[in-house]
Protein chains: 2
Amino acid sequence: MKGIRQLAEHLDISIGTVSRALNGKPDVNEETRKRVLAAAEELGYVANQSGRSLRQGTTNVIGLMIESSKETIEDSDNFFLGLTSGLQSVLARHKLDLIMLPCPTDEDPYEYLKRMVARRVVDAMIISATQRVDKRIDLLSKAKIPFVSLGRSLSSGNSSWIDLDFDGVANSAVDRLVAHGHRRIAIAAPSNEINLGYIFLDGYRRALERHGIAYDPSLVIRVKTSEQGGYQAGHELLQIDNRPTAVILIYELMAIGLYRRLTEAGVIPGHDLAVIGFREEPRAKFLQPALTCFRMSLHDLGVELAETLLATMPAYSHFYPDSERNMIWPLKLIPGESDSFHLMAAE
Amino acid sequence: MKGIRQLAEHLDISIGTVSRALNGKPDVNEETRKRVLAAAEELGYVANQSGRSLRQGTTNVIGLMIESSKETIEDSDNFFLGLTSGLQSVLARHKLDLIMLPCPTDEDPYEYLKRMVARRVVDAMIISATQRVDKRIDLLSKAKIPFVSLGRSLSSGNSSWIDLDFDGVANSAVDRLVAHGHRRIAIAAPSNEINLGYIFLDGYRRALERHGIAYDPSLVIRVKTSEQGGYQAGHELLQIDNRPTAVILIYELMAIGLYRRLTEAGVIPGHDLAVIGFREEPRAKFLQPALTCFRMSLHDLGVELAETLLATMPAYSHFYPDSERNMIWPLKLIPGESDSFHLMAAE
DNA sequence: ACGCGTCCCGTAAACGTTTACGATCCTATG
DNA sequence: CATAGGATCGTAAACGTTTACGGGACGCGT
């Protein structure tokens, strides 16, 4: 089966009518529409995407850009795959397909995105790992490509975003640790320019202030968001004099490395050092003591992302009239035992 | 910047010459080529992919199909993301882009692939999770879409594939366990129709035979390849009367669940029950005792996949003249402690 | 009989690119 | 000088769709 022309000839109908029949347009007899659909099914005809895109200027494809640095690719998790399920459940309703665009580790994400945008291979984009100031946002805005970013940015302007509630996470974590008697609380934040690192630290700082605890910069550890980074964090924690009694991790896989380093040094996690991590991961279930952490549904987040995105696309926005353009995605605290040993007042 | 026409007008050159200049064709003055390239860079012109695809019948995009069932998506790992790095390093040399095509969990993989193929959105495909008999292979062959499958199949015919050496893995594992004195060796295989499960079991069976150990079907446990499945496997292991003294797992994440179930029952992994897993995963590093398992480089596998694929594509095959169409990908044994406690002869 | 509207269908242009072909100019060679 | 041939460029067709437009057939009311 070559194209619509062969299909039309086979049916002895004009090519225009066949197209209208297939696309559910009016001005076509219900009877002939049946014939056309049957023949298409029988001959296995599916419209060539290039031809269609060229004519309509639309691809019916949504892109999910994926970044994974050389350092974290080994530890990188099922985050994006977890998202796809929710995304697709919404996109499928509009006959939109999702493709993932993995940015090569040795290419600049901005340049990569620029290429993809210029080639007009997707109608809209979802980007993540949003930086504090992110050129990609300006790029997409100027190119008038609808998009939503997972993570707000200083560059966001009035574009759409959904951000994980890292402010809330930091606050609950500090509250909980303080309630358990901790006063010296360390925090492991990412070493790159990702914006959620800043939000996380801000929340941490303001929470301390709320509890009348002085902010101590030496308790802020900047490491990679990986198991390796967790190990490194543990290492640095042990060096601090007047060692903190608790630590908050921005990424749960770090807990594995942290536990490892602590255990090596004879420091018992949860007993000698309280630990709270983000986010709940099935594969960290094994940790002893069980990690206190925050839960979120990747599927639901995917659904929300898709709806927010569609709301920004003129052709689909009427389906989602009252969709928020911006939103803070809530996390739920899952109490474990890694922070529940009460401390004797040290002084 | 709209299209090549505007670029041509801006340069006051014909549209054909511009196209030739951009694509490095002959019959264009070196001087004007410079001008064209400069102007394209300045105005940010990039060829529209749809137009190009339509004309040349080629998209310059390679698809990596991703399957993840509802059950395993939570546990699914960085396998595909790990592959992309190697894939892209090769594809980039030929200006080919990689996209990942995640099959929705509620859609039949065959139908999904059929849609993607018919829409002509990629030039070639990489498929994985190959089934014992896999209709996708016939589909791609008939559609004359170059492809390589990760995992051979009974349907493979003379198509290209790379298969992980599960036969070798099963054999080494059995050899090692027998050398440690084990005679009753269980095996946890996947419950679906994925072909590597069969190969794994075959290898296991032949290895037993080689050692003069009778094959006992009750020692074959079929579970999902997830942490949950590992737990289930542990559960079933404990039910077997005349309990086996060792178990081989087809997937390393299963070890986490297995350890959990064993510990619950007071059975010490590595001591009361020897364990060998596939494949090495950074996140299973924490397990105590350390898991004996098999290592492979995802990056290198990606490289090999890309080269094998390109070798099947007429336009690129001359770059890879002596590339094997089929290949067994070797794994390296990483000794841990989970199988190294020597047993007293039980009888 | 005439006009008008509705239903259905065919015709052809347009989307942006690549490429076969032919045209022009210039140089070298006899 | 005539001509061959190389270098460079312009022209136009083609890829597979969608869709604006117009036209024929038919029914209905006047």
Side-chain angles (χ1 to χ4, degrees), chain A residues 1-37 39-40 43-61 95 115-123 143 315, chain B residues 1-37 39-40 43-61 95 115-123 143 315:
Chain A
M1 173 53 39
K2 288 293 297 303
I4 200 175
R5 164 161 286 118
Q6 282 69 22
L7 183 56
E9 286 174 359
H10 175 260
L11 284 164
D12 202 34
I13 300 185
S14 97
I15 180 177
T17 310
V18 173
S19 174
R20 280 189 297 266
L22 290 174
N23 296 11
K25 303 270 167 166
D27 279 6
V28 42
N29 188 314
E30 219 30 66
E31 163 104 13
T32 61
R33 187 192 301 276
K34 291 252 175 67
R35 278 181 55 214
V36 171
L37 289 177
L43 302 186
Y45 168 79
V46 178
N48 176 302
Q49 188 57 39
S50 302
R52 158 176 285 178
S53 302
L54 186 55
R55 170 61 216 233
Q56 328 193 99
T58 188
T59 64
N60 293 328
V61 173
K95 296 201 179 308
R115 244 176 59 221
M116 291 302 151
V117 164
R119 284 169 50 156
R120 297 260 130 77
V121 74
V122 295
D123 287 346
Chain B
M1 172 53 38
K2 289 294 297 303
I4 200 175
R5 166 162 285 118
Q6 281 69 21
L7 183 57
E9 286 173 1
H10 175 260
L11 284 165
D12 204 34
I13 301 184
S14 97
I15 179 179
T17 310
V18 173
S19 174
R20 280 189 297 265
L22 290 173
N23 296 11
K25 303 270 167 164
D27 279 5
V28 42
N29 189 315
E30 219 31 66
E31 164 102 15
T32 61
R33 187 192 301 275
K34 292 250 174 66
R35 278 181 57 215
V36 172
L37 289 177
L43 302 187
Y45 168 80
V46 179
N48 176 303
Q49 188 59 40
S50 302
R52 159 176 284 179
S53 302
L54 185 54
R55 171 61 217 236
Q56 329 193 99
T58 189
T59 64
N60 294 328
V61 173
K95 296 201 180 308
R115 243 175 61 221
M116 292 300 151
V117 163
R119 285 169 51 154
R120 297 262 131 75
V121 74
V122 295
D123 287 347

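Excluded from the calculations below are hydrogen atoms, water molecules and symmetry mates; all remaining heavy atoms, backbone and side chain alike, are included. Note on naming: letters A, B, ... go to the chains in the order of the sequence lines (proteins, then strands), and numbering restarts at 1 for each one.
At whole-Å resolution of the value, CG in N23(B) and C1' in dG16(C) are 13 Å apart. A straight line from CG of D27(A) to P of dC7(C) spans 9 Å, rounded to a whole angstrom. With rounding to whole Å, K25(A) atom NZ is found 12 Å from dT17(D) atom C1'. As rounded to whole Å, 18 Å separates atom P of dG6(D) from atom CG of N29(B). The CD atom of Q49(B) sits 15 Å away from the C1' atom of dC15(C) (whole-angstrom rounding). In this structure, I4(B) places its CD1 atom 19 Å from P of dC15(D), rounding to the nearest Å. Atom CG of N60(B) is separated from atom P of dT17(C) by 14 Å (rounded to the nearest Å). As rounded to whole Å, 17 Å separates atom P of dC7(C) from atom CD of E31(A).
Between L54(B) atom CG and R55(A) atom CZ the span is 13.0 Å, to the nearest 0.5 Å. How far OG1 of T17(B) is from NZ of K25(B): 13.5 Å, rounded to the nearest 0.5 Å. Between the CD atom of E9(B) and the OG atom of S14(B) there is a distance of 11.5 Å, given to the nearest 0.5 Å.
Of all nucleotides listed (dG16(C), dT19(C), dT17(D)), dT19(C) comes nearest to the side chain of R20(B). Comparing dT17(D), dT18(C), dC9(C) against the side chain of T32(A) picks out dC9(C) as the nearest. Nearest nucleotide to the R52(A) side chain, out of dT19(C), dG16(D), dT18(D): dT18(D).
In terms of polar N and O atoms assigned as donor or acceptor, the side chain of R120(B) never comes within less than 3.5 Å of the base of dG16(D) in a complementary pairing. Side-chain to base pairing of R55(B) with dT18(C): one donor and one acceptor N or O lie within less than 3.5 Å of each other.
At a non-hydrogen distance threshold of 4.0 Å, I13(B), S14(B), G16(B), T17(B) from residues 8-18 of chain B come into contact with DNA chain D.
One N or O on the side chain of R35(A) and one on the backbone of L11(A) form a donor-acceptor pair closer than 3.5 Å.
Toward the 5′ end of DNA chain D lies the nearest nucleotide of E30(B), the other residue of the pair E30(B) and G51(B) mapping further downstream.
Here R33(B) pairs with E30(B) in a salt bridge; the nearest charged N to carboxylate O distance falls below 4.0 Å.
Side-chain contact between L22(A) and V36(A) is present, with heavy atoms from C-beta onward closer than 4.5 Å. Proximity of Q6(B) to L43(B): side-chain heavy atoms (C-beta onward) are nowhere separated by under 4.5 Å.
Contact annotation: R5(B) does not reach the phosphate of dG16(C) (side-chain N/O to OP1 or OP2, under 4.0 Å). Side-chain N/O atoms of S19(B) include none lying less than 4.0 angstrom from OP1 or OP2 on dT17(C). Distances shorter than 4.0 Å separate some side-chain N or O of Q56(B) from OP1 or OP2 on dT19(C).
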